[in-house]
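Take a look at the structure set out below.
Chain naming here is simple, since letters A, B, ... match the order of the sequence lines and numbering starts at 1 in each. Just so it is clear, the values below take in all heavy atoms, side chains as well, and ignore hydrogens, waters and symmetry mates.
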Amino acid sequence: MTFTREKDFGTPEATGEAVSLTIDGQQVSVPAGTSIMRAAAMVETAIPKLCATDSLESFGSCRMCLVEIEGRKGYPASCTTPVASGMVVRTETDKLRKLRRGVMELYISDHPLDCLTCSANGDCELQDMAGAVGLRDVRFGFEGANHLEGCKDESNPYFTFDPAKCIVCSRCVRACDEVQGTLALTVDGRGFASKISASQGEGFLASECVSCGACVQACPTSALIENTVIEKGTPDRAVVTTCAYCGVGCTFRAEMRGEELVRMVPWKEGKANHGHSCVKGRFAWGYAQHRDRILNPMVRNSVDEPWREVSWDEAIVHVASEFRRIQNSYGTRAIGGITSSRCTNEETFLVQKLIRQGFGNNNVDTCARVCHSPTGYGLKTTFGTSAGTQDFDSVEQADVVLVIGANPTDGHPVFGSRLKKRLREGAKLIVIDPRRIDLVRSPHVEAAHHLPLRPGTNVALLTAMAHVIVTEGLVDETYVRERCDTEAYGEWAAFVSDPARSPEAIEELTGVPAADVCAAARLYATGGNGAIYYGLGVTEHSQGSSTVMAIANLAMATGNVGKPGAGVNPLRGQNNVQGSCDMGSFPHELPGYRHVSDSVARAQFEQDWGVTLDAEPGLRINNMLDAATDGTFKGIFIQGEDILQSDPNTTHVAAGLAAMECVVVQDLFLNETANYAHVFLPGSTFLEKDGTFTNAERRIQRVRKVMEPKNGYADWEVVQLVANAMGLGWTYTHPSQVMNEIARLTPTFAGVTYDVLDQRGSVQWPVNEAAPDGTPTMHIDHFVRGKGLFVVTDYVPTDERTGPRFPLLLTTGRILSQYNVGAQTRRTPNEAWHAEDRLEIHPHDAENRGIRDGDWVALRSRAGETTLRALITDRVAPGVVYTTFHHPDTQANVITTDFSDWATNCPEYKVTAVQVAPSNGPSDWQRRYRAQADQSRRIETAEPAE
Amino acid sequence: MMSTDERLAYMADQILRNFASRGQEAAIAATLDHIGQFWDPGMKSRAAAMPDAPGVVLSDGVRATFMRLRDSQPAS
């Protein structure tokens, strides 16, 4: 793709009945509600404009887009004037040209005439419009009062605001309001004194700005411009690809200059993000070029030794021979692997194929084990498939939104913005969360009900909501009768109707007033389309799977599955966690969620791969670590996953890794797990390879290579090298061939090819003969399993208990600017917002312990101890503390325990009994760990050539 | 930290407790089915051996489950 800007229609799309009009003599038919500006753009007539752009509602302030309409007086703005049947419009007349030129003269009289040295030269709408209106002179001169001496705001690490270049068109302010929904920007002052201001005249960095960049994208001049454009110049080509951060799956134009990435611009055609992004996706890609990247393979005999750089050939042969040696010594099942939710579908498919075909066992797992494995279990049990039911667009038709255990404005920010937009339009919000997340109350958004439950009581609370719905006759009986297993429904209804499960009965347990539970239940059941969005606050509990099923029960009981605006929507954490699960990364499932004991499914793979497959489930990650400490599991291949930092009970993980004879880590950086590795294989970034990611709405999207892999190979090529060194004879030359194999062997992907993806941009699985265009909403006429299955979800308290030694409950989560273990975002300027993990503690609990804001505190649990600084806030309830897990210096997972979900072993990150006390230094663990990490990361200096 | 056998017993007990509302017989059957679907052969073998081995104290439900698991294992 060469560099062309995306077409800007000036105003948003309308959806009314067709209306015919004439524009400059051309007959045009457009939907009612369309602006004249947009109608003209649709027939390639570009009306000059400055304050209009099609991602924002029309504003009508710049007076550049004036037109003449037959039969109407004056010169209306085409951006704010809707089309009408029979209307005759002229966009170019002598009078219009004169008017536009006059307006443009005024703009330019207060604008620096430095186009040739301006960073936006050639990519500036003001410059383009000056040309379009034929501006040749400025009669007013340049001597009068102006804004040319305004100070630049360079506080934000990613963009610069230069008020001298600002034309106060308000596009940035409106982008912040309408698209992002943060309302951090305003036009300060009146008339000539008007200027753009972040919050109360603060710099962008100190303001409420979340650095999503919507303002930068909307700016028609270089008043707001990316620092990378200032430094590198304007791009000369663009490639559409998919973000490698969260599960929203935003698509971007990677705008390049040669081999260098200049900027990431959200793609307007992207069906997950519709042209919006967050700070991570748009700006935090510098890790791809970070000096910490390891670009050469390395091996060592023992983790006490320094690393030794070797050739790819030597490293691959070493891996293959070590794995075969271990299998010969300890048995076929003594090795396994972990696929990466950050890698592509094709790569995860190949890793599980390597394990099943090459290792000869099912010892494959993935990071979904520690996040959404309960979603897989719960939704497969109740609905028949392990995925969310809707597309993101569905939220636009939701009337009531229930957010439980998720913090979309931090974890899934682009979806969070769309949700806030819908809430500003009037949809009602219920938040179930121990913390007062931003959605509970932020500008123009306020939850109708916030149920701040005690951590670990999700199932009791949801069952109490079901109690209200059933006992008050709010069940959609027709839906249940026609769509669900009525016998199971009867058992469930009797179960939830028990007075012991009423809101009053569980009030003391959950800490939520019964009246609030009743009100929330009634609103969800009767408020129209009810949509449930949930995250790891649901799954990462000892009853994570039960909670998912309790959510599914509520949705089925109220008829809220199988239609737009409703549904059950897991907000997936990583970019391709849905895809990695789809691709057979669980030890009990082949690609497409078919159990390994399913002889028909297994036979398909056996025929294709020419081997006999193991019909028994393999080991989960935590079971692999147990087996390692027992001496029966000796080798592991870990692609793009840092289990030492991300998995619970770090001490246990470290012991398991230390007990293995061959740990192979493939990653961009020497991550924490690599401290225990014997072989390091350098990974490639999402910018350096082709493939696909599948986002939280089951949307399969292309990842396109924009530069050569700095390490020499894309990750799928490295897996193929290992496979072939183990004698598998793979011959893939492009990831599209892997996708063809996936489609051949996976019914839900049957219609997916790279050609289809290139033609349609993206498709949501299932894509097959019955649904060649994909499936935005699932379970429309019937559930995948046939009848929806209600499941009794009895509340079983966690075994993690508070007591005198550990009186507080710790819950963990993440923050907007950082991503998971932080390996990527910590190597970007995002550190400006969150340079360390902090412990949120309620003022009451802090005062009881003599802790002041910013003090170092020791955080202790039955599993371990760490230190970090305190942040005193009433965002958390008394008795609850909260921290993030983005920084290895903190190692929050030293604190978390081995308790896990009963069905899937997803760790119980959200409930750990702890004590907090003032501290004046790192814990023993932190000291030991730092020393071990420093020793482990040594790289032997190569001897100079003769 | 639990030993692997202790962990397996704990996991089985946790599964049983989540099926408890079905009644003990059904809970044991559901737990056995769950173990069949999700535990690897090594875990199953260890669990099957535990009722006859000294060491980990098993609850009645877990003992009954593991005994049935033992009886259903193919003879080695």
Side-chain angles (χ1 to χ4, degrees), chain A residues 331-334 336 361-363 373 377 459 491-492 495 498 542-543 545-546 549 586-589 595-597 614-620 622-633 649 651-652 655 791-799 862-863 897-905, chain B residues 1-50 53-62 64-66 69-70 72-76:
Chain A
T332 304
R333 293 193 169 105
N361 62 48
N362 286 310
N363 289 337
S373 50
Y377 181 91
V459 170
E491 288 171 20
W492 174 80
F495 170 81
D498 187 327
S542 62
Q543 282 203 290
S545 294
S546 302
M549 293 188 289
F586 286 134
H588 65 285
E589 283 174 337
H595 200 273
V596 292
S597 64
D614 191 348
E616 284 284 345
L619 292 163
R620 296 168 175 172
N622 52 320
N623 304 135
M624 292 182 199
L625 295 167
D626 286 341
T629 53
D630 288 336
T632 59
F633 188 84
N649 195 346
T651 310
H652 177 227
V791 176
V792 168
T793 55
D794 203 359
Y795 170 65
V796 178
T798 171
D799 292 319
R862 294 179 180 90
T897 69
D898 282 332
F899 291 123
S900 63
D901 174 46
W902 67 271
T904 64
N905 287 131
Chain B
M1 200 180 294
M2 293 182 199
S3 69
T4 301
D5 282 352
E6 287 169 336
R7 193 186 305 282
L8 292 177
Y10 176 81
M11 285 166 62
D13 185 61
Q14 199 186 3
I15 299 165
L16 275 166
R17 281 184 281 153
N18 275 274
F19 288 132
S21 62
R22 302 181 181 192
Q24 189 177 15
E25 188 53 34
I28 290 172
T31 303
L32 264 179
D33 178 58
H34 188 93
I35 289 171
Q37 283 193 57
F38 298 107
W39 288 19
D40 103 304
M43 293 163 70
K44 288 174 191 162
S45 296
R46 289 183 84 120
M50 283 166 70
V56 180
V57 177
L58 304 178
S59 68
D60 291 346
V62 172
T65 306
F66 285 178
L69 182 66
R70 178 194 62 195
S72 68
Q73 296 276 295
S76 54

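The side-chain hydrogen bond (donor to acceptor under 3.5 Å, both in side chains) search around Thr629(A) returns none, not counting sequence neighbours. Among residues two or more places apart in sequence or in another chain, the side-chain contact (heavy atoms from CB on, under 4.5 Å) test is passed with Pro617(A) by His588(A), His595(A), Val596(A), Lys44(B). A search for side-chain hydrogen bond (donor to acceptor under 3.5 Å, both in side chains) contacts involving Trp902(A) returns Ser546(A), Asn18(B), not counting sequence neighbours.
For Glu589(A), no part lies near chain B; criterion is any non-hydrogen pair under 4.5 Å. For chain B, no part of Phe633(A) is nearby; none of its heavy atoms comes within less than 4.5 Å.
Of the residues listed (Asn623(A), Leu625(A), Asp626(A), Thr632(A)), the one engaging Thr4(B) in a side chain to side chain contact (heavy atoms under 4.5 Å, CB included) is Asp626(A), and it is the only one.
To the nearest 0.5 Å, atoms CD (Gln14(B)) and CG (Asn905(A)) are separated by 7.5 Å. Note that CZ of Arg620(A) is 6.0 Å distant from CE of Met11(B), once rounded to the nearest 0.5 Å.
Taking the side chain as every heavy atom from C-beta outward, Phe586(A) and Phe38(B) never approach each other to under 4.5 Å. A heavy-atom distance below 4.5 Å is found between the side chains of Arg46(B) and Asp630(A).
Of all the listed residues (Ser3(B), Ala20(B), Pro41(B)), the one sharing the greatest number of non-hydrogen pairs under 4.5 Å with chain A is Pro41(B).
Chain A is approached within less than 4.5 Å, heavy atom to heavy atom, by Ser21(B), His34(B), Gly36(B) from residues 21-36 of chain B, ordered by number.
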Can Met2(B) and Asp898(A) be said to form a side-chain contact (heavy atoms from CB on, under 4.5 Å), step by step?
-> CA-CA 9 Å; Met2(B) 293 182 199; Asp898(A) 282 332; over 6 Å; no
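Ion pairing between Asp799(A) and Arg17(B) holds under the 4.0 Å rule for side-chain N and carboxylate O.
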